[in-house]
Each structure stands twice: as C-alpha cells, then as structure tokens.
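Since this is a predicted model, take the numbers as computed values, not measurements. Residue numbers begin at 1 in each chain, while the letters A, B, ... track the order of the sequences.
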Amino acid sequence: MSIVSPWKHDFPVYLSHAHPNLCYLDSAATCLTPKHVADAVFHYQCYAHANSHKGLYQLSASVTERVEHAREQVANFIGAHSGENISFNHGTTDAINLVAYSFVEPLLIEKQEGDQANIVISAAEHHANLLPWQRLAQQYNVELRIAPLNKDGTINQANLSALLDSDTIFLAITHCSNVLGLMNPVANICRIARNKGIPTLIDGAQAICKGAVDVSEIDCDFYVFSAHKIYGPTGCGVLYAKGSLFDSMRPYQLGGGVIESVNYQQSRFITGPLKFEPGSHNVAAIVGLIEAIDYMTDISWHDVNQYIDNLANYMHSELENLPFYQPLIKRGDSNEKEKISTLVSFQVKKVHCHDIASLLDNDGIAIRAGHHCAQPLHQTLGVNASIRASLGLYNDVSDIDKLVASLTTAHKMMSL
Amino acid sequence: MALTKKQHVDQKESRQQHQLYQTALLAHHKQPIGFEVAINADASHEGVNPACGDEITVSCEIKHQHEASVITAIAFHGDSCAICRASASIMCQEVQGKTLVETQVMSRQLTGALSTNISMIGELAEQFSPLLMIQQFPVRKQCALLPWNTLMETLKCLPDQP
Ligand SMILES: Cc1ncc(COP(=O)(O)O)c(C=O)c1O
C-alpha cells in the first residue's frame with residue numbers, strides 16, 4: 001500500500017494555504033472535492049451557463065444537450081438501460097421522497113377502505129429512507145415493518161423474506177448502511193421481492209462510491225444516490241426507475257417544464273424523466289457529477305477500491321488494538337471483498353462521543369459523532385450515539401495513525 | 001469535594017491543556033458535584049439534547065426561608081458528555097443555598113454570556129470560568145446549557161412557583 005495517497009494532490013483543500021494538515025475522516029457524510037470537479041463547475045458557471053430545456057437560443061440549447069447527455073452517462077455508469085430511466089433531483093433524500101409521493105402514495109390512495117397493506121424497510125435505514133415511509137404509514141394507517149439485521153450488520157434475508165407478504169406494497173432498503181458499512185445482498189433481496197410482486201427501492205447513497213453498481217443486475221425498481229458521495233457537488237441526486245415506470249407515476253412537485261399543455265382548470269404532463277424535474281435544473285451540480293464520474297473512471301475505480309480496502313483493513317486492525325475501542329459491530333474474520341467496510345462506527349469506553357469529536361477536532365481530525373441520522377438503528381444496537389470514521393481516496397496510513405494517537409490521548413485525558 | 005473558587009483560578013492559570021477541556025472543567029467532569037446524590041426532591045425534570053440524545057435529570061429540594069424560596073439541595077443524574085456534566089456540577093455548586101430568583105438570574109446571565117459572547121465580569125466570571133471557553137465552540141453550547149435549561153424546567157414543576 002502506498003504510504004501517501006496517490007490522489008491526494010488532486011484535492012485543493014489540502015494545499016498549504018487551505019488545510020494542509022486536515023485529517024478528513026468523514027467521507028461517508030460528504031466527499032471532499034477534486035480540483036477537476038470544482039473546475040468543471042466553475043467553468044460551466046462562468047462560460048456556459050443558461051437555463052436548460054427552455055430557451056431556443058444556442059447557449060440554452062447546448063445546456064439542454066449537456067443535461068440530456070448526462071442522463072446517458074449516468075445510465076451507463078450504473079448499468080441502466082437508457083438515459084430515459086434517469087431523473088435528476090437534489091439528492092438521495094429528495095429522490096426517496098419523490099418515490100414515496102409519486103409512486104407509493106398513489107398506491108395507498110387506490111387501496112380500498114379496510115384493505116391491509118404494509119411497507120417494509122430495514123433496521124439500518126438512514127432517516128431519509130425511514131421518515132417518508134413512516135409518515136405514509138401513519139397517514140394511510142398501514143403497517144411499517146422493520147427487517148432485522150444479522151450480527152455483522154447486514155440485513156437478515158430470511159427474516160426480511162418472512163415480512164414480505166401479499167399485502168406488502170413496497171420494499172425500501174439501503175444498499176449499504178451509513179453506520180455499519182457492509183454491502184447488503186440487494187440483488188437477492190430484490191429477487192425475493194420480485195417473486196412476490198413487490199416493487200423495490202435501493203438507497204445507494206453509501207454504495208455508489210464503490211463505483212460498481214449495476215442496477216440491471218440488482219434488478220430493483222428504483223435506485224437512488226447523491227453526487228456528493230462520489231466526489232461530486234451537493235445539490236445533485238439521481239433517481240433511476242426501471243423500464244417505463246416513470247410513465248406510470250404522478251409527479252408530486254409541480255412547476256415549469258413538466259407539462260405538455262395547461263389551462264387554468266387542468267394540465268397534461270409530459271412523459272419521461274423530465275416530468276419529475278420541475279423548475280430550473282441545477283446544471284452546475286449535474287456537470288459536477290459527470291466530471292466526478294469521469295475523474296474516478298480515469299484514475300480507475302479498481303485501483304481506488306483496492307487502495308481504500310487495504311487502508312480500511314489497516315484502520316480496523318489498528319483500532320482493534322486499542323483496549324478502549326468498542327465497535328458497534330464486531331468485524332468477522334472473513335476477507336471477502338464485500339465484507340470490507342470502508343467506515344467504522346465505535347465508542348470509546350466510558351468517554352462520550354461528543355467529547356471525543358471535540359478533542360479530535362483540536363488535532364485537526366474531522367470525524368463524525370452522534371447518531372449519523374440513524375437514531376433507531378443506534379437504539380437497536382443499545383447505544384445513544386457513536387463515533388464514525390469513514391475513508392475516501394485522499395486518506396492514507398498517516399490519517400489512521402493520527403486517529404489512533406489522538407484517540408489514545410483523548411481516552412487518557414477523559415476516562416474517569 | 002467542592003472546588004473552591006480559588007482552586008478554579010489556580011487551575012486555570014496552571015495549564016491550558018486543551019482550549020475546551022481545561023483542567024478545571026475536567027475536575028468537575030471527573031468528580032462532579034451533586035451527581036447521583038440522593039436528596040428529598042420536591043421537583044425533578046428530565047432534559048434532553050435532541051442533537052445528541054444526551055439526557056440529564058435535575059432534582060431539587062426547596063425550602064421557604066425569610067419569605068423566599070431557597071434551593072437547599074440539588075442533584076443530577078444521567079448520561080451526558082463532559083461539558084454537560086461539568087456544567088451541571090458547577091450549577092450544583094453555585095445554586096445550592098440560592099433563592100429561586102437568584103438562580104433564575106444566574107441562569108439568564110450564563111445563557112446570555114454563552115450565546116452572545118459578552119464577556120462575564122467579576123464573581124460570575126470566576127464562578128463559570130471553566131465553561132467560558134465554550135463561547136469559542138458554538139456547537140457545544142447546548143451541552144453546557146442543558147443542565148440549566150433542565151433546572152429551569154424543574155423549577156416550573158414546583159407546586160407553588162413564585
Ligand atoms: C444511506 C444514506 N441514505 C441517505 C442519505 C441522504 O443523502 P443526502 O443527504 O445526500 O440526501 C445518506 C447521507 O448521509 C446516507 O448515507
């Protein structure tokens with residue numbers, strides 16, 4: 001393993017006039033931005049910006065073309081059939097809400113009085129993939145079922161399967177938990193659901209940074225992710241919908257650009273993904289996402305994954321050597337690729353997570369402390385909060401060594 | 001066990017290990033005053049910090065003395081960070097024997113000092129010196145204020161509030 005990340009110099013935040021000593025261990029929250037992406041956004045905004053899909057003039061037309069081409073590029077990146085299956089929005093949260101209110105709510109409205117129904121999620125969901133379903137369940141008086149986890153933190157397939165029945169109208173689960181870090185066997189899970197005729201959504205916010213997502217292989221109905229979790233900008237999310245699902249859905253947010261014709265009494269919506277993109281597009285963020293995908297492809301997803309997996313193994317073993325280290329989930333012995341988590345959530349024995357985060361911050365270490373938008377999961381695991389360290393391609397051995405040293409000092413200082 | 005005001009100042013001058021976690025604050029964290037002390041509580045209340053899920057319960061015993069309600073005993077318990085624990089400890093040290101009105105004024109002054117960066121002066125600054133660095137760490141302000149907010153709620157639970 002290289003001692004210094006070969007890609008670190010692509011990230012201007014580490015320059016001497018910015019934060020040369022930054023030890024950034026919060027990539028699961030958001031990734032730092034490579035210069036390529038920042039430059040692309042800057043360049044677009046300075047020299048190419050206009051409103052897409054609206055103007056007839058050249059500048060606007062080329063922006064429209066860029067957005068439509070971006071759909072194809074994203075489709076290609078995640079193994080979707082075509083750009084027609086890709087809709088842009090503000091992020092994972094936005095995309096999940098869109099599916100909740102454009103696809104699932106109409107199913108609930110159709111449901112006859114007295115009909116049973118349930119929605120199934122897992123115990124490891126981010127609030128973004130819990131709250132919209134919780135609200136729908138309350139509003140329409142249907143059951144929200146929670147699939148339990150295995151000891152390693154992945155979703156228990158047998159138990160999940162048992163929860164899916166003829167009344168299940170939707171299954172929404174995470175591809176990879178932002179707290180526990182292991183990949184769920186989503187292709188298997190979607191097959192089980194499909195055999196029972198249940199539509200599926202996969203929250204890919206954490207899995208997308210591995211670059212190997214293939215929605216056709218997973219065969220889910222919806223797949224969602226955010227650009228900022230793969231080194232792109234915030235403000236751009238992706239919603240993939242299988243086949244012609246978009247056509248059967250009702251847009252829940254309305255505005256400019258989504259209608260074929262409108263009068264004061266009624267409107268006819270256009271078809272395709274644009275129907276779910278009311279208002280002006282955040283083109284700069286879409287441009288940034290495409291640049292991020294290109295950047296990662298250029299430097300090689302394979303090399304990056306191998307590098308980060310090696311570093312993650314180093315991180316886990318170094319932390320496991322600390323007598324006060326209490327991971328939320330104990331790591332198994334397996335060395336299989338899917339079993340390497342590039343993040344870890346833990347507690348320091350008898351020291352509060354917020355104190356650890358403040359002390360580490362004093363040493364220039366950016367780390368997450370709290371429930372990481374997964375409060376019920378923490379409750380399930382019997383804790384209030386945890387500390388989370390997550391890796392990006394700019395991290396290297398020195399970051400882990402710093403973390404370990406700083407944790408040791410903090411523990412010594414704070415323990416009672 | 002209570003730290004005298006003199007000790008606070010000495011410790012502050014002796015060393016500044018960490019801007020936020022100074023010796024004086026750590027002393028309160030490690031040997032908190034009023035922590036899990038059994039009292040004959042007239043009122044108690046559980047406060048929660050929604051940002052981190054920390055919980056703290058503050059209880060107090062009130063007596064009427066010379067036409068005023070006085071806090072004759074105060075205690076707290078719960079799972080919280082060092083800032084919150086130390087703040088609760090200082091609170092227990094400072095409000096013991098104070099009237100409800102004096103306590104409310106103190107709470108308002110501390111809240112004001114932490115929120116507005118107005119520097120405290122005189123006795124108050126000395127009393128709260130271990131906490132004053134929090135002005136520079138706004139994200140931790142709510143940790144220091146949780147015990148005080150909880151105490152104010154506790155006082156509201158009293159049967160005959162002044
Ligand atoms: C698993 C998971 N789902 C959803 C989200 C929400 O993503 P965003 O904040 O980009 O909408 C996150 C982000 O932390 C996440 O990790």
Item checked: Proximity breakdown for B:Leu20 and chain A, heavy-atom pairs closer than 4.5 Å -> side chain
Item checked: A:His354 versus chain B, the contacting section by heavy-atom distance below 4.5 Å -> both
Note to self: Would you say that A:Ser358 contacts B:Tyr21 through its side chain, given a criterion of any heavy-atom pair below 4.5 Å between the two side chains?
What the structure shows: yes
Note to self: The test is salt bridge (Lys or Arg N to Asp or Glu O under 4.0 Å); show your working for B:Arg140 and A:Asp361 and say whether it passes.
What the structure shows: CA-CA 12 Å; B:Arg140 302 303 300 277; A:Asp361 178 40; over 6 Å; no
Could you tell me whether [X] atom [atom1] has more than 12 heavy atoms of other residues or ligands within 6.0 Å of it?
| X | atom1 | answer |
| --- | --- | --- |
| A:His316 | NE2 | yes |
| B:Lys30 | NZ | yes |
| A:Asn321 | CG | yes |

Sequence neighbours excluded and cut-off under 3.5 Å, please list the side-chain donor-acceptor pairs for residues 409-416 of chain A, or say none.
unit_1, atom_1, unit_2, atom_2, d
A:Thr409, OG1, A:Ala405, O, 2.9
A:Ser415, OG, A:His411, O, 3.1

Next item on the list: Please answer whether the main-chain N or O of B:Cys81 pairs with a side-chain N or O of A:Asp355 as donor and acceptor at a distance below 3.5 Å.
Entry: no
Next item on the list: Assess whether side-chain contact (heavy atoms from CB on, under 4.5 Å) is satisfied between B:Asp54 and A:His352, documenting all intermediate values.
Entry: CA-CA 10 Å; B:Asp54 275 1; A:His352 195 278; 2.6 Å; yes
